[in-house]
There are 2 protein chains.
Amino acid sequence: MPTPDRTSLEAIVEAGRDIVESEGPTGLTMQAVAARVGVRPPSLYKRVKNRDDLIRLITKATIRDLGDRLAAVEAEAGTGDASGPELDPRRTLADMARALRGFAHTRPAGFGLVFAPQTSPGGADVEAMTVAVAPLLRVAATLAGQEYELEAARTVTAWASGFIAMELAGAFNLGGDVDRAFEFGISRLADALAARPAN
Amino acid sequence: MPTPDRTSLEAIVEAGRDIVESEGPTGLTMQAVAARVGVRPPSLYKRVKNRDDLIRLITKATIRDLGDRLAAVEAEAGTGDASGPELDPRRTLADMARALRGFAHTRPAGFGLVFAPQTSPGGADVEAMTVAVAPLLRVAATLAGQEYELEAARTVTAWASGFIAMELAGAFNLGGDVDRAFEFGISRLADALAARPAN
DNA sequence: ACCTGAACACCGTTCAAGT
DNA sequence: ACCTGAACACCGTTCAAGT
């Protein structure tokens with residue numbers, strides 16, 4: 001007769017996310033995860049292939065949350081709420097960038113996992129990422145035109161993720177107002193993408 | 001009578017850089033470094049405090065190389081060479097961005113170390129980074145005006161590092177020409193920074 | 001003054017044995 | 001079918017003992 005399950009994949013991933021945020025990626029040991037979900041380390045291998053696999057699952061869950069935030073911004077802009085419909089795509093783009101930054105501030109380590117430069121190749125998060133970024137792609141198309149949709153979306157994503165990564169790493173050490181720099185960047189960027197110059 | 005030194009800090013850092021590039025950050029073990037410089041692991045601790053310290057030194061050396069490349073672009077633009085003096089700061093900015101990208105392609109892992117989102121706080125690379133980025137700061141000032149120097153430099157650095165990080169992570173999986181996206185981004189960005197709109 | 005073997009703590013992972 | 005203790009390989013780091 002099988003024993004009732006003492007944990008679940010979901011609980012393991014959730015525990016992993018918590019640990020990553022509180023202890024950093026280094027703190028994410030199989031022992032720590034096991035302790036948190038109340039089993040012994042070897043039991044984890046019934047649900048995840050290994051530590052890298054767990055990190056992949058944590059990253060994927062983070063990407064999904066991130067996509068939810070972008071979708072929420074898009075929905076707000078599209079339908080219009082109490083403050084009225086938001087028609088300027090530049091404003092929507094800025095809101096999405098701010099949503100991304102807000103998310104990064106609440107889950108800095110998770111954000112780091114998603115946008116880490118040294119990701120293992122063939123990460124199966126490709127699909128999740130594609131879905132998550134779809135709203136951004138749509139505003140980019142509205143703003144820069146269908147022809148430059150991909151380029152515009154990549155420009156914004158690159159800028160925002162780079163900015164936030166540097167911010168989280170404490171790279172903005174020359175003083176100055178980081179919020180101001182963020183608003184400066186998104187404003188100029190939105191203008192530039194909407195400009196559609198000849199080249 | 002003291003024995004002659006069998007290695008040096010320089011050799012250790014250089015070995016570390018090679019290993020990081022060929023095996024990735026995970027492959028950077030004290031044992032691998034020791035084997036490469038021809039001593040036993042414990043001997044490394046005579047020159048570096050620990051593995052984190054070694055990573056810090058590797059990062060710092062990488063930042064210095066990177067700064068050299070930017071300085072070279074600046075020097076070329078300022079003095080003018082066979083192809084004549086390069087006076088358009090937008091062109092200089094684009095050249096610096098391309099230099100950064102070129103560097104990242106030759107040392108992807110090193111680049112990842114420098115622009116990793118999850119850097120340990122208080123990394124002593126602050127000074128090295130400040131020096132390295134100085135040329136970029138100067139073009140930014142020329143382009144966007146002294147008032148927006150810092151914001152403009154941050155915008156470009158964020159975009160470029162974010163773009164390259166995504167490129168290295170294989171995040172540009174929606175097809176399209178990555179080179180084209182890079183040129184699109186730097187071109188629009190340079191225009192936007194030079195525009196100096198009212199806000 | 002640098003180098004080393006031995007040792008310790010810690011971690012990922014496997015596996016046979018339990019229920 | 002899931003869970004566990006025991007075990008193994010591997011790694012970072014310390015330290016007393018060599019030269």
Side-chain angles (χ1 to χ4, degrees), chain A residues 1-60 109 113 116 118-124, chain B residues 1-60 109 113 116 118-124:
Chain A
M1 191 160 83
T3 15
D5 293 13
R6 229 164 288 187
T7 184
S8 67
L9 179 58
E10 208 187 349
I12 290 171
V13 173
E14 218 46 48
R17 296 185 73 178
D18 288 352
I19 293 171
V20 164
E21 292 303 336
S22 58
E23 314 293 333
T26 323
L28 183 76
T29 66
M30 298 304 266
Q31 325 215 12
V33 174
R36 190 174 257 257
V37 300
V39 298
R40 299 289 174 173
S43 299
L44 299 176
Y45 293 85
K46 283 286 154 181
R47 331 237 177 211
V48 300
K49 220 170 93 187
N50 51 35
R51 185 173 177 272
D52 278 349
D53 187 41
L54 175 55
I55 291 180
R56 205 178 44 75
L57 292 169
I58 292 173
T59 306
K60 194 190 246 173
L113 249 40
Q118 54 351 358
T119 297
S120 49
Chain B
M1 190 159 84
T3 14
D5 293 11
R6 227 163 291 186
T7 184
S8 69
L9 179 58
E10 208 188 347
I12 290 170
V13 173
E14 218 47 47
R17 295 185 74 178
D18 287 351
I19 293 170
V20 164
E21 292 303 336
S22 57
E23 313 294 332
T26 322
L28 184 75
T29 67
M30 298 305 266
Q31 325 215 12
V33 174
R36 190 174 258 256
V37 300
V39 297
R40 298 289 174 174
S43 300
L44 299 176
Y45 293 84
K46 283 285 154 185
R47 332 238 176 210
V48 300
K49 222 170 92 189
N50 50 37
R51 184 174 178 273
D52 278 349
D53 188 40
L54 176 55
I55 291 179
R56 206 178 44 74
L57 291 169
I58 292 172
T59 307
K60 194 190 246 173
L113 249 40
Q118 63 338 8
T119 297
S120 47

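All values reported here derive from a predicted model rather than from experimental measurement. Order of the sequence lines fixes the chain letters, A, B, ..., with proteins taken first and strands second; residue numbering starts at 1 for each chain. These values consider heavy atoms only, across backbone and side chains, with no hydrogens, waters or symmetry-generated copies.
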Counting side-chain heavy atoms from C-beta on, which of [options] comes nearest to [X]?
| X | options | value |
| --- | --- | --- |
| P42(A) | dC3(C), dA6(D), dT13(D) | dA6(D) |
| V39(A) | dT4(D), dG5(C), dC3(C) | dT4(D) |
| R47(A) | dC3(D), dT13(C), dG5(D) | dC3(D) |
| M30(A) | dT13(D), dG12(C), dT4(D) | dG12(C) |
| N50(A) | dG12(D), dT13(C), dC3(D) | dT13(C) |
| S43(A) | dC3(D), dG12(D), dC3(C) | dC3(D) |
| P41(A) | dT4(C), dT13(C), dG12(D) | dT13(C) |

> Counting any heavy atom closer than 4.0 Å, what does T7(B) reach on the DNA or RNA strands: base, sugar-phosphate only, or nothing?
Replying inline: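 Sugar-phosphate, backbone atoms only, no base.
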For atom [atom1] of [X] and atom [atom2] of [N], their distance in whole Å:
| X | N | atom1 | atom2 | answer |
| --- | --- | --- | --- | --- |
| I12(A) | dC2(D) | CD1 | P | 11 Å |
| I55(B) | dG12(D) | CD1 | P | 9 Å |
| K46(A) | dC3(D) | NZ | P | 9 Å |
| Y45(B) | dC11(D) | OH | C1' | 9 Å |
| R40(B) | dG18(D) | CZ | P | 18 Å |
| L54(B) | dG12(D) | CG | P | 10 Å |
| L9(B) | dA1(C) | CG | P | 18 Å |
| Q31(A) | dT14(C) | CD | P | 15 Å |

For the residue pair [X] and [Y], establish whether any side-chain heavy-atom pair is separated by less than 4.5 Å.
| X | Y | value |
| --- | --- | --- |
| V33(A) | T29(A) | no |
| V48(B) | M30(B) | yes |
| L57(B) | L9(B) | yes |
| T7(A) | L44(A) | no |

If we ignore hydrogens and angles and just use 3.5 Å, is the side chain of R51(A) paired with the main-chain N or O of L28(A) as donor and acceptor?
yes
Exercise. So, S43(A) side chain and V39(A) main chain: donor-acceptor pair closer than 3.5 Å or not?
Worked result: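 No; judged by distance alone, with no hydrogens or angles, the pair does not exist.
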Heavy-atom nearest nucleotide on DNA chain D taken for R6(A) and for L28(B); more 5' hit belongs to R6(A)
Fill in: Positive for side-chain contact (heavy atoms from CB on, under 4.5 Å) with I58(A), one of I19(A), D18(A), L113(A)
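Among I19(A), D18(A), L113(A), the one that satisfies the side-chain contact (heavy atoms from CB on, under 4.5 Å) with I58(A) is L113(A).
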message = For dC11(C) and R51(A) - does any side-chain N or O of the residue sit under 4.0 Å from the phosphate oxygens OP1/OP2?
response = no
Every stem of 3 or more Watson-Crick or G-U pairs under 3.5 Å that DNA chain C joins, in order of first number, is C:4-8 with D:12-16, C:12-16 with D:4-8
Item to complete: Could you tell me whether D5(A) and R47(A) have a side-chain N and a carboxylate O separated by less than 4.0 Å?
Response: yes
